[in-house]
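Order of appearance sets the numbers: ligands from 1, and atoms from 1 within every ligand. In this chain, residues are counted from 1 in sequence order.
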Amino acid sequence: MVLSAILLGFKYLFKRPYTRMYPYKEKAYTTSKTRARHILYLDRCIGCRACQFACPADAIKMYVLEGDYPKNRKKIFPGIDYSRCTYCGLCVEACPVNALVMTNYTMEHLITEDKSTTLYTPEMLSVPPKGEYIVTLSRDTWKKPPSPIPKKK
Ligand code: SF4
Ligand code: SF4
């Protein structure tokens, strides 16, 4: 057992390192299931604060916006501090009107040396990412029943 571990380690001495030179040379690693940057649909949000209460990382603060929002009489909307977010998706699960979704976009909100840039206001969240992305988590995803366990024959 010890010998096989040593041989395995020896084999990797001659392989290239797995370290990704992100963001200097490579794009961020992302998959079709990655949970990353949120999108907030201002026209759907009812200002219920369920996302804020559900967040275990205290990453969500509510902001008052100017403008006409018939579904949101108090005009309060969530903003997310990505320096706190753990990408658990509980805010998406809690939202009763599917106003908050997560995408697999993992770029500028993660690359920074300035912590103040990780704070995304509702207006910023409402603008979809500029690069390629797909929605990977929404209220509908959470509601989907688990696949049935196949019966044994
Ligand atoms: S994904 Fe999780 S940690 Fe991030 S804002 Fe939503 S509830 Fe909070
Ligand atoms: S995003 Fe959803 S959960 Fe959060 S305040 Fe708006 S409606 Fe409520």
Nearest-neighbour protein heavy atom for [atom], which is reported as residue plus atom name and distance:
atom	value
atom 1 (S) of ligand 1	Gly89 N, 3.2 Å
atom 6 (Fe) of ligand 2	Cys45 SG, 2.3 Å
atom 4 (Fe) of ligand 1	Cys85 SG, 2.3 Å
atom 2 (Fe) of ligand 1	Cys88 SG, 2.3 Å
atom 8 (Fe) of ligand 2	Cys48 SG, 2.3 Å
atom 7 (S) of ligand 1	Cys91 N, 3.3 Å

With clusters defined by side-chain heavy atoms of hydrophobic residues (ILVMFWY) lying less than 4.5 Å apart, directly or transitively, does [Y] cluster with [X]?
X	Y	value
Tyr105	Leu119	no
Ile39	Met102	yes
Phe53	Val97	no

Candidate list Tyr82, Tyr120, Phe77, test ring-ring contact (aromatic ring centres under 6.0 Å, His included), partner His38, passing option: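 Among Tyr82, Tyr120, Phe77, the one that satisfies the ring-ring contact (aromatic ring centres under 6.0 Å, His included) with His38 is Tyr82.
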
Contact partition for Ile46 relative to ligand 2, non-hydrogen atoms under 4.0 Å: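 For Ile46, the contact with ligand 2 is made by both the backbone and the side chain.
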
Within reach of ligand 2, part of Arg49 (heavy-atom separation under 4.0 Å):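 For Arg49, the contact with ligand 2 is made by the backbone alone.
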
Cys55 and Leu90: CA distance, side-chain angles, deciding distance, side-chain contact (heavy atoms from CB on, under 4.5 Å) verdict: CA-CA 6 Å; Cys55 179; Leu90 291 177; over 6 Å; no

Distance (rounded to the nearest 0.5 Å) between Leu13 CG and Lys11 NZ: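 That separation rounds to 12.0 Å.
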
Residue Val97 vicinity, atoms of ligand 2 by number, heavy atom under 4.0 Å: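 Heavy-atom distances to Val97 below 4.0 Å select 7 (S).
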
Thr112 and Asp114: side chain donor to acceptor below 3.5 Å: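 Their side chains do not contain a donor-acceptor pair, so the 3.5 Å distance test is not met.
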
Thr136 and Asn104 side chains, donor-acceptor separation under 3.5 Å: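 There is no such pair (donor and acceptor under 3.5 Å, judged by atom type) between the side chains of Asn104 and Thr136.
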
Ligand 1-proximal atoms of Arg35, by part, heavy-atom distance under 4.0 Å: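 Contact part for Arg35 vs ligand 1: neither.
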
Within the 4.0 Å heavy-atom shell around [X], which atoms of ligand 1 are there?
X	value
Tyr87	1 (S), 4 (Fe)
Ile60	5 (S)
Thr86	3 (S), 4 (Fe)

Under 3.5 Å donor-acceptor, Asn72 side chain and Ile76 backbone: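 Yes, the answer is positive, given that a donor and an acceptor are paired below the 3.5 Å cut-off.
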
Heavy atoms of other groups near Glu132 CD, more than 12 under 6.0 Å: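 Result for CD/Glu132: open.
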
Any Pro78 heavy atom less than 4.0 Å from ligand 2: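 Yes, Pro78 has a heavy atom closer than 4.0 Å to ligand 2.
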
Atom 8 (Fe) of ligand 2 to nearest N/O/S of Cys95 less than 2.8 Å: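 Under 2.8 Å: Cys95 has no N, O or S contact with atom 8 (Fe) of ligand 2.
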
